Amino acid sequence: MRRVIIVGATGSIGRQAIDVVARHADRFSIAGLSAHSDEGGLLAAASRFRGAALCLSSRAPDSGAIAFHGPDGLRSLVRDTEADLVLNAAAGAAGLSVSFDALASGKDLALANKETIVMAGRLAFEAAGEAGRRILPVDSEHSAIFNMIERFGRDAVRGVVITASGGAFRDDPLESLPGKMPADALAHPTWSMGAKITVDSASMANKGLEVIEAARLFGLSGDRIDVVLHPESRVHSFIRTRDGSLYAQMSRPDMRIPILNALAWPESIDESVADMDPCDVFLRFSRPDPARYPLLRTAYEALASGEGATDAYNAANEVAVASFMGGAIRFTDIAVVVSRTLERAYPRTLEGLEAVLAVDGDARRVAASIVKEIA
Ligand code: NAD
Ligand code: MG
């Protein structure tokens with residue numbers, strides 16, 4: 001029985017993870033659950049599992065059933081609750097400390113929070129190494145690549161090809177993009193996800209973050225990582241092996257598959273909801289248009305500049321997306337804010353979490369001042 005703590009239990013990934021655990025109750029149990037502000041959602045999730053420690057990370061709860069609260073409460077939940085694995089499904093940079101607390105307290109880390117790897121991937125692997133624990137990617141593309149690399153061996157792999165749906169505006173005329181509203185960006189063609197990552201899919205900042213994530217997770221330079229548009233979201237990524245072959249992982253677009261793989265690793269568990277009939281699918285692949293998705297190239301540039309620049313890429317994009325959602329800037333300004341924030345010089349390497357958070361804070365201030373200029 002693997003005991004699991006889910007951070008971000010009320011979110012898109014968190015709710016699907018709870019479903020996975022409930023469907024495999026013979027394999028997994030819930031040791032702890034946290035949500036940021038949705039107390040009702042947290043209590044509803046907890047009612048399905050007896051004895052789970054609960055945390056509301058934004059404020060003091062109304063219910064006496066919730067033992068932990070606030071940022072310190074979240075740290076205690078992750079560190080002090082007995083468990084084998086933490087699923088970090090918190091949204092955004094706030095998930096960083098969750099990852100390091102999980103590893104430092106000797107737990108495996110199932111990682112949906114890609115920000116951890118983009119901001120501090122090398123440090124996270126150092127922490128995992130010191131603790132003798134694993135980092136198991138949940139992001140569907142990285143789960144696919146991870147599982148293929150585990151089977152083929154790292155030495156057989158020459159590079160990877162990450163697939164992208166293209167997001168909500170894939171087929172719209174370029175001239176229409178500046179006029180897109182937040183509600184338009186939230187209409188994703190194939191995946192149902194949290195708001196921020198759905199906007200990032202429309203701009204392909206999500207793919208930019210995933211290119212950086214893949215580089216750090218699998219030790220690949222940018223020139224070994226390709227991105228292709230794949231509207232059907234059935235191939236979740238490819239690996240290129242030394243003999244020139246491409247291997248793909250395919251499944252229905254259902255995050256419960258990568259979640260289950262991360263929770264169960266290294267075992268395989270039956271999951272029949274996932275069955276896919278190859279006769280049902282028609283697969284298309286093409287190159288993403290750089291004019292439509294400027295944030296993709298910016299991510300490669302940040303990757304080439306080093307750890308400070310990739311940290312700043314994430315921070316600037318979070319500020320820009322929040323500004324777009326709040327109506328302060330246009331959709332196409334998100335890319336402008338990020339690329340202008342990256343015109344500053346950032347350190348090539350970040351030694352320690354303090355340095356990571358310092359660059360994050362600096363980049364947020366720069367991005368916010370650019371937003372003010374534009375707005
Ligand atoms: P979401 O917005 O649906 O849920 C976010 C969760 O995080 C909520 O439970 C919320 O309570 C919690 N949270 C918010 N702010 C927090 C804070 N400051 N401290 C602690 N917890 C906080 O987001 P999501 O779509 O589930 O995405 C979560 C993470 O998983 C993100 O990093 C995202 O990039 C990644 N991811 C999501 C998907 C997907 O299909 N949704 C796929 C791949 C990766
Ligand atoms: Mg993904």
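First listed ligand is number 1; within each ligand, the first listed atom is number 1. Along the sequence shown, the residues carry numbers beginning at 1. The structure presented is a predicted model; accordingly, all values stated were derived computationally and were not measured.
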*asked:* Give me the atom names and distance for the closest heavy-atom approach of T198 to A185.
replied: CG2-O, 3.5 Å

_Per-atom contacts, ligand 1 versus A112 - under 4.0 Å to a heavy atom_ = 30 (O), 32 (O), 35 (C), 36 (N), 44 (C)

*Contacting atoms of ligand 1, where contact means under 4.0 angstrom from a heavy atom of N113*: 32 (O)

_Before we go on, tell me: are the rings of F238 and Y247 under 6.0 Å apart, centre to centre?_
no

*Going by distance alone, is a donor N or O of one side chain under 3.5 Å from an acceptor N or O of the other, for H236 and S143?*
no

*Check whether any side-chain heavy atom of L263 lies under 4.5 Å from a side-chain heavy atom of H24, and answer yes or no.*
no

_Proximity of A9 to ligand 1 by residue part, where a heavy atom lies under 4.0 Å_ = backbone

*Is the centre of the F146 ring less than 6.0 Å from the centre of the F218 ring?*
no

*Which ligand 1 atoms, with their elements, are less than 4.0 angstrom from a heavy-atom of I13?*
26 (O), 30 (O), 37 (C), 38 (C), 39 (C), 40 (O), 41 (N), 42 (C)

_Less than 3.5 Å apart, any donor N or O on the side chain of N206 or K114 sitting next to an acceptor on the other?_
yes

_Report the atom name of the nearest N/O/S atom of E141 relative to the Mg ion (ligand 2)._
OE1

*asked:* Within the structure, is a non-hydrogen atom of D38 found at a distance of less than 4.0 Å from ligand 1?
replied: no

*Has ligand 1 got any nitrogen or oxygen that is less than 3.5 angstrom from a nitrogen or oxygen of S140?*
no

*Give the contacting part of H36 toward ligand 1: side chain, backbone, both or neither, where contact means a heavy-atom distance below 4.0 Å.*
both

*Taking atom 23 (O) of ligand 1 as the point of reference, which of S143, G194, A93 owns the nearest heavy atom?*
G194

_Heavy-atom pair of closest approach, residues G14 and A89_ = N-CB, 4.1 Å

*Is there at least one pair of N or O atoms, one from G8 and one from ligand 1, spaced under 3.5 Å apart?*
yes

*Measure from the side-chain N and O atoms of E39 to the backbone N and O of S63, and report whether any donor-acceptor pair falls under 3.5 Å.*
yes

*Examine K207 relative to Y293 and say whether NZ or CZ is less than 6.0 Å from the centre of the six-membered ring and inside a 45° cone about the ring axis.*
no

*For A90, atoms of ligand 1 separated by under 4.0 Å from a heavy atom*: 7 (O), 21 (N), 28 (C), 29 (C), 31 (C), 32 (O)

*Does A91 reach ligand 1 with a nitrogen or oxygen that is under 3.5 Å from one of the ligand's nitrogen or oxygen atoms?*
yes

*Does G14 reach ligand 1, in the sense of a heavy atom lying below 4.0 Å from it?*
no

*Does E115, backbone or side chain, put an N or O under 3.5 Å from an N or O of ligand 1?*
yes

*Return yes if a side-chain donor-acceptor contact under 3.5 Å exists between T310 and R216, otherwise no.*
yes

*Examine T10 against ligand 1 and note whether any of their N/O atoms are separated by less than 3.5 Å.*
yes

*D84: which of R27, R2, R133, R3 passes salt bridge (Lys or Arg N to Asp or Glu O under 4.0 Å)*: R3

*Please work out whether any backbone atom (N, CA, C, O) or any side-chain heavy atom from C-beta onward of I197 is under 4.0 Å from ligand 1, and answer side chain, backbone, both or neither.*
side chain

_Of all the N, O or S atoms in E210, which has the shortest distance to the Mg ion (ligand 2)?_
OE2

*asked:* Could you tell me, atom by atom, which parts of ligand 1 come under 4.0 Å of a heavy atom of A35?
replied: 11 (O)

*In D139, which N, O or S atom comes closest to the Mg ion (ligand 2)?*
OD1

